[in-house]
Structures are given as structure tokens and as C-alpha cells.
2 protein chains.
Amino acid sequence: MDTTTALQMLKKKGYKYTGKREQMVHIFEREGRYLSAKEMLEFMQKEYPGLSFDTVYRNLSLFEQYGILEVTEWSGEKKYRLACSSHSHHHHLICTTCGKTTAIDLCPMNAILGEPQNFQITGHKFEIYGHCEECMRN
Amino acid sequence: MDTTTALQMLKKKGYKYTGKREQMVHIFEREGRYLSAKEMLEFMQKEYPGLSFDTVYRNLSLFEQYGILEVTEWSGEKKYRLACSSHSHHHHLICTTCGKTTAIDLCPMNAILGEPQNFQITGHKFEIYGHCEECMRN
DNA sequence: GATGTAAATCGTAAATGTTACGTTTTACAT
DNA sequence: ATGTAAAACGTAACATTTACGATTTACATC
């Protein structure tokens with residue numbers, strides 16, 4: 001999903017198309033990796049020096065709520081990235097240093113479908129953590 | 001791993017065998033599910049009313065460090081449970097209401113071994129979230 | 001059993017990440 | 001141009017976790 005499409009979609013739902021939202025989605029697009037709220041705030045404040053972190057958190061939640069972002073958490077922080085809506089369901093290798101991801105076209109849920117008894121599944125997480133080539137060298 | 005074994009192991013490493021540590025591991029043993037630091041504190045304060053949360057956090061970290069506990073995080077909290085050292089490597093169905101788990105004797109890492117290039121794997125997480133039978137009824 | 005000491009705990013402060021809210025500003029429909 | 005609902009600001013509050021000096025305790029040694 002690109003910046004414009006995402007915000008137009010929100011607009012149809014009654015949300016406003018603001019420069020700050022545009023910039024936030026644009027940063028996710030450019031970075032192509034998981035970002036913490038803090039990282040996002042820092043990027044944003046380069047362009048909007050007085051930016052309130054309330055704005056960042058509020059928009060991150062909004063974007064997540066409407067499927068623009070995916071969220072996960074590790075090291076006591078929530079991390080966000082643009083949802084990979086273009087491909088089919090998949091999982092990621094995640095570099096815990098820089099947040100960069102690589103898709104894995106394999107979902108272990110396929111192997112256990114129908115298995116769990118007396119358990120209502122609401123979600124699942126399959127993530128492989130490590131260090132990407134670049135972070136490994138540094 | 002039972003309470004005594006765990007604490008004897010720590011003792012060999014130079015840590016003291018205290019009633020509070022014994023009680024903490026005992027609670028994990030009794031509950032057999034993921035507990036947050038807050039839940040543990042509440043259980044502990046029944047027996048040790050003036051207990052400092054510093055003690056709980058410090059010991060949770062210590063237990064994790066020595067493999068007595070497993071840790072994961074969801075809903076902005078770290079959750080701990082006794083490490084399932086008796087069985088072979090496996091994963092869990094996790095009830096996000098009560099923390100109860102059911103083992104899944106399947107690890108998706110087997111299916112992708114050797115696959116990732118230029119990526120140093122340090123860990124992985126495969127968790128299925130939902131509601132157990134009991135919490136579903138309530 | 002008494003003693004010394006390093007570890008454990010207490011009590012509390014502080015750091016960190018997140019949510020909340022009243023006020024002001026802004027997007028944008030009319 | 002105008003009105004209004006949404007967005008953003010500035011800041012307070014909240015929750016979880018980490019940190020630290022002072023006190024207490026476990027336990028090895030005598």
C-alpha cells in the first residue's frame with residue numbers, strides 16, 4: 001500500500017488528509033522496516049520540530065486499526081511497519097538491530113489446521129529474530 | 001524443573017536459597033501458565049505482605065537468565081512461565097485471558113532450516129493466541 | 001553457636017513507553 | 001467565507017520496568 005492510497009482510504013472513512021499523516025506513512029514506505037514510536041517521532045521531528053508524541057501514537061493506532069500498519073512487540077516496545085498487503089499471508093525474518101525484515105512464504109498454521117481442540121484461535125505469531133547481513137558486520 | 005532443583009542449581013552458582021525465591025518458583029509450578037510480574041507480586045504478597053516489587057522483578061530476571069523461566073511478551077507486558085525443559089523443543093497455544101498454555105509438538109523452524117541467507121538467526125517465536133475452553137465460557 | 005561478609009531485600013526514586021485530556025488549530029464540506 | 005468536526009498541541013497521568021542507597025539475611029568460616 002502506498003502513501004496516497006492509504007490516506008485516501010482513511011479520507012473515505014471521514015478522517016482528514018494531513019501533511020503529518022502523509023509524512024508518517026511516507027517514512028514507513030521509505031524505511032521498509034519495523035519502527036518504534038520513538039524512531040518515528042525522531043524522523044518526524046526533523047520536518048515538524050514541535051511535533052507532539054501524542055500525534056505519533058494516535059496516528060500509529062489509527063493506521064494499525066485500519067490495516068495500514070502491522071504491529072509486533074519485542075524488547076518492551078511496540079514496533080510498526082507497513083502492512084504487506086500485496087502478497088499472500090506470510091511471516092518474517094526480523095533483524096532485531098535495525099528492524100529490517102525478509103518475508104518467509106511459509107505459515108506454520110497450515111500444518112496444524114484443525115488440530116487444537118477446545119481452543120478458539122484469535123491470532124498467531126511466527127517470527128524469526130536475528131541480525132541481517134549489514135548489522136552483523138557492524 | 002521443580003522448585004528445589006531450580007534453587008539448588010542457583011545455589012551452586014553462588015546465589016542464596018531464600019524463602020521468597022522458593023515461593024516464587026513454587027507459584028509458577030502450581031499455576032502452570034504465563035504470569036505477569038504484577039500477578040506474581042499479588043500472589044507473593046499474600047504470604048509476604050510487605051514484599052518489594054524490586055524483589056519480584058530481580059528474581060524474574062535471574063530465573064530467566066538461568067533458564068528456569070521462559071519469557072514472552074504481549075499486551076505491553078512481559079509474561080513468565082516455568083521452562084518446559086522436560087520435553088523436546090516445542091511451542092504453545094496461549095490463552096491470552098488466563099495465560100494457560102497447551103504444547104504443540106511442531107516447530108516451523110524445521111521446515112525452513114538452511115533457508116535464510118545472509119541472516120544470523122538468534123531466536124524465533126511461534127505462538128498461537130486465543131481463548132481456552134474455560135475462558136471461552138466466561 | 002558466634003562472626004563476618006556478600007547477597008538479598010526494602011523502600012523509594014527514576015526511567016521508559018503509552019494513554020488521556022482540555023485547549024487551540026486546521027481541514028474541508030457547505 | 002464560514003462552521004464544524006477532526007487533528008494536533010502541550011502536558012499530565014498511568015503502567016511497567018529499572019535503579020540505588022540503606023538495611024537485613026543467608027550461610028561459610030571460625
Side-chain angles (χ1 to χ4, degrees), chain A residues 3-4 6-27 34-66 68-69 71-80 96 99, chain B residues 3-4 6-25 34-66 68-69 71-80 96 99:
Chain A
T3 306
T4 311
L7 294 191
Q8 292 293 357
M9 186 266 277
L10 282 181
K11 182 136 202 223
K12 271 182 196 153
K13 307 259 180 190
Y15 297 94
K16 294 182 178 170
Y17 195 120
T18 70
K20 281 158 195 168
R21 285 191 179 147
E22 188 176 48
Q23 180 66 7
M24 275 182 72
V25 182
H26 178 67
I27 288 169
Y34 279 104
L35 297 172
S36 66
K38 196 180 156 199
E39 281 177 299
M40 176 52 68
L41 183 65
E42 280 162 6
F43 277 128
M44 287 294 289
Q45 283 183 332
K46 285 176 188 168
E47 191 144 343
Y48 300 94
L51 188 77
S52 165
F53 60 78
D54 175 89
T55 300
V56 170
Y57 277 103
R58 201 168 10 79
N59 285 331
L60 289 177
S61 290
L62 182 72
F63 294 159
E64 188 208 341
Q65 187 183 337
Y66 284 97
I68 297 167
L69 299 182
V71 62
T72 187
E73 53 186 299
W74 73 80
S75 305
E77 272 182 332
K78 285 182 184 166
K79 324 269 183 169
Y80 299 87
T96 50
Chain B
T3 306
T4 311
L7 293 191
Q8 291 293 358
M9 186 266 277
L10 282 182
K11 182 136 203 224
K12 271 182 196 155
K13 306 258 182 190
Y15 297 94
K16 293 182 180 171
Y17 195 121
T18 71
K20 281 158 195 168
R21 286 190 178 147
E22 188 176 46
Q23 181 67 5
M24 278 183 69
V25 181
Y34 279 104
L35 297 172
S36 66
K38 196 179 156 198
E39 282 178 297
M40 175 51 67
L41 183 66
E42 279 161 8
F43 278 128
M44 287 294 289
Q45 283 183 333
K46 286 177 188 167
E47 189 143 346
Y48 301 94
L51 188 76
S52 165
F53 59 78
D54 175 89
T55 301
V56 169
Y57 278 102
R58 201 170 8 80
N59 284 332
L60 288 177
S61 291
L62 182 71
F63 293 159
E64 189 209 340
Q65 187 183 337
Y66 284 96
I68 296 166
L69 298 182
V71 63
T72 187
E73 52 186 300
W74 72 81
S75 305
E77 270 182 332
K78 284 183 186 165
K79 324 269 182 169
Y80 299 85
T96 50

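The model shown is predicted, which means the values in this text are computed figures rather than measured ones. First the proteins, then the strands, lettered A, B, ... as listed; each starts at 1.
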Spatial distance of atom NZ (A:Lys13) from atom CD (A:Gln65) [nearest 0.5 Å]: 9.5 Å
Rounded distance (nearest 0.5 Å) linking atom OH of A:Tyr80 with atom CE of A:Met40: 11.0 Å
Distance in Å, B:Leu41 CG paired with B:Leu35 CG, rounded so as to fall on 0.5 Å steps: 12.0 Å
A:Ser75 backbone acceptor or donor facing B:Glu73 side chain under 3.5 Å: yes
B:Tyr48 OH - D:dT25 C1' separation (whole Å): 13 Å
Closest-nucleotide 5' rank along DNA chain C - winner of A:Lys79 and B:Leu51: B:Leu51
Those residues of residues 52-66 of chain B lying under 4.0 Å from DNA chain D by at least one heavy atom: B:Phe53, B:Asp54, B:Tyr57
Atom of B:Lys79, atom of B:Trp74 and distance for their closest heavy-atom approach: CE-O, 3.4 Å
Atom-to-atom span, CD of B:Gln45 to P of C:dT9 - whole angstrom: 14 Å
Whole angstrom value for the distance that separates P of C:dA8 from CE of B:Met44: 14 Å
Value in whole Å for how far the P atom of C:dT16 lies from CD of A:Glu77: 11 Å
Integer-rounded Å distance: C:dG17 C1' and A:Leu41 CG: 12 Å
A:Arg21 (side chain) donor-acceptor with A:Phe63 (main chain) under 3.5 angstrom: no
Worked check of side chain to side chain contact (heavy atoms under 4.5 Å, CB included) between B:Met24 and B:Phe43: CA-CA 9 Å; B:Met24 278 183 69; B:Phe43 278 128; over 6 Å; no
Trace of the side chain to side chain contact (heavy atoms under 4.5 Å, CB included) decision for A:Ile68 with A:Leu10: CA-CA 10 Å; A:Ile68 297 167; A:Leu10 282 181; 4.0 Å; yes
Five-pair end axes of the helix from C:dG1-D:dC30 to C:dT30-D:dA1 and the angle they enclose, rounded to 10°: 30°
Distance, rounded to the nearest Å, where B:Met40 contributes CE and D:dT16 contributes P: 16 Å
d(CH2, B:Trp74; C1', D:dT16) in whole Å: 16 Å
Residues within residues 9-24 of chain B bordering DNA chain C, heavy-atom distance below 4.0 Å: B:Tyr15, B:Lys16, B:Thr18, B:Lys20, B:Arg21
A:Lys38 and A:Phe53: CA distance, side-chain angles, deciding distance, side chain to side chain contact (heavy atoms under 4.5 Å, CB included) verdict: CA-CA 8 Å; A:Lys38 196 180 156 199; A:Phe53 60 78; over 6 Å; no
Euclidean distance, atom CD of residue B:Glu42 to atom P of D:dA15 [Å, nearest integer]: 12 Å
Reported CE-to-OG1 distance for the pair A:Met44 and A:Thr55, which is rounded to 0.5 angstrom: 8.0 Å
Full working for side chain to side chain contact (heavy atoms under 4.5 Å, CB included) between A:Tyr34 and A:Thr96: CA-CA 9 Å; A:Tyr34 279 104; A:Thr96 50; over 6 Å; no
Distance below 4.0 Å between B:Lys78 side-chain N/O and D:dT18 OP1 or OP2: yes
